[in-house]
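As structure tokens, the structure follows; a few thoughts come after it.
Just so you know, residue 1 is the first one in the sequence shown, and it goes up from there. Note: hydrogens, waters and symmetry copies are ignored here, and every other heavy atom, side chains too, is used.
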Amino acid sequence: MTEFQGTREAFAQAMTDMAKTDPRILFVSSDSLKAMRAVRFAELYPEQYIEVGIAEQAAVDTAAGLASCGLIPFVGTYAGFLTMRACEQLRTFVAYPKLNVKFVGINSGLLGGEREGVTHQFYEDVGILSSIPNVTIFTPADPSQTYHAVRAAAQVEGPVYVRAGSGKEPDVYEREVPFSMEGIRILREYGDDVLLLSSGFVLDRVLKAADILKAEGIRVTVGDVNIIHAKDSSRVVEEIRKAKRILTVEDHNVNGGLGAYISRLVVEHDPKPVKRVGLTTFGESGPAGELADCYGFSPESIAEAARKLKREKSGREENI
């Protein structure tokens, strides 16, 4: 498989590969062709590329019309422009009639907008979409998983949102590992002291934290939760039942994302202590790695959150 520089390139490659054999695959751009690294796609398949200009609401409405004709349009641009500026159109004209439109939101999370700061960092997108029925939310953990997630999205009937980054996401998975439609994949299984659940592009940091904890004798299991608020959460619940306590880690606001999803499942199926590592404030500009460390996503900070959780005997949930 082609090496990907980042999740944007993975999106573009997936679109190009699908368009070779499926003329229903379309890219609807809101002046986002370069941002989505899809220039080559447009050159190879000009009849499958539609440009609406800087008009995200029009892009979503256009995609809705195309989907109503049996086509499979992908709308790709910055995550916040899709989920905030075009939220009404996404909700009313795609999700409500369950149209087969796919959305790919880039610069998701704090780490996705290191050059532009808050206006191009989007850590509310999953929370917004989680309140809209009929939308499936994919949160791949690295470029290769993004490639497979985009291709998987085309196979899912109805609206799908794929969360992508800025282009500097670290590789975690082998290239050929498919996107798990079970909603979770276990990557480390050292024990049941703490279940570390990651969502998105912090997985490499969670894995490093797990190794730190293992060296200290704290037995953890690491799961990559790649579908948030999934319609079928049985596999996630299965892992919840095995654990004594749970720590969620996400580059998203603590409300509405992974932590909220897991907290609901825990309350409904198997109550136990849950802590959430996520954002509680707006971010700032800076190199992605430094931002991650500053806002509590360093491997040592994650490990310390797990240590603290293990020491506590209370069943109450707390934010970090």
Output every pair passing side chain to side chain donor-acceptor pair (under 3.5 Å) with a member in residues 88-100, not counting sequence neighbours, ordered by first then second residue. Asn100-Lys102

Run the side chain to side chain donor-acceptor pair (under 3.5 Å) test against Glu300 and tell me which residues pass, sequence neighbours left out. Arg307

Which residues satisfy the side-chain contact (heavy atoms from CB on, under 4.5 Å) test with Ile186, sequence neighbours excluded? Ile184, Glu189, Thr221, Arg235, Glu239

Taking only residues two or more places apart in sequence, or in another chain, which ones meet Arg188 in a side-chain contact (heavy atoms from CB on, under 4.5 Å)? Tyr190, Leu207, Asp211, Val222

Hits for side-chain contact (heavy atoms from CB on, under 4.5 Å) against Asp193, two or more places apart or cross-chain, chain-then-number order -> Ile218, Arg219, Lys244, Arg245, Lys310

Looking only at side chains, do Arg276 and Asn253 share a donor and an acceptor under 3.5 Å apart? no

Non-neighbouring partners of Glu250 that pass side-chain contact (heavy atoms from CB on, under 4.5 Å), sequence neighbours left out: Ser199, His252, Leu258

Ring pair (Phe, Tyr, Trp, His ring centres under 6.0 Å) partners of Phe93, counting only residues at least two apart: none

Run the ring pair (Phe, Tyr, Trp, His ring centres under 6.0 Å) test against Phe11 and tell me which residues pass, sequence neighbours left out. Phe27

Decide if the gap between the ring center of Tyr45 and the ring center of Tyr49 is smaller than 6.0 angstrom. no

Among residues two or more places apart or on two chains, list those pairs meeting salt bridge (Lys or Arg N to Asp or Glu O under 4.0 Å) that have a residue in residues 62-85. Glu56-Arg85

With sequence neighbours left out, which residue pairs that include part of residues 150-166 fulfil the salt bridge (Lys or Arg N to Asp or Glu O under 4.0 Å) condition? Asp125-Arg163

Salt bridge (Lys or Arg N to Asp or Glu O under 4.0 Å): which pairs involve residues 286-298, sequence neighbours left out? Arg205-Asp293

May I have all residue pairs that pass ring-ring contact (aromatic ring centres under 6.0 Å, His included) and include part of residues 191-245, sequence neighbours excluded? His229-Tyr261

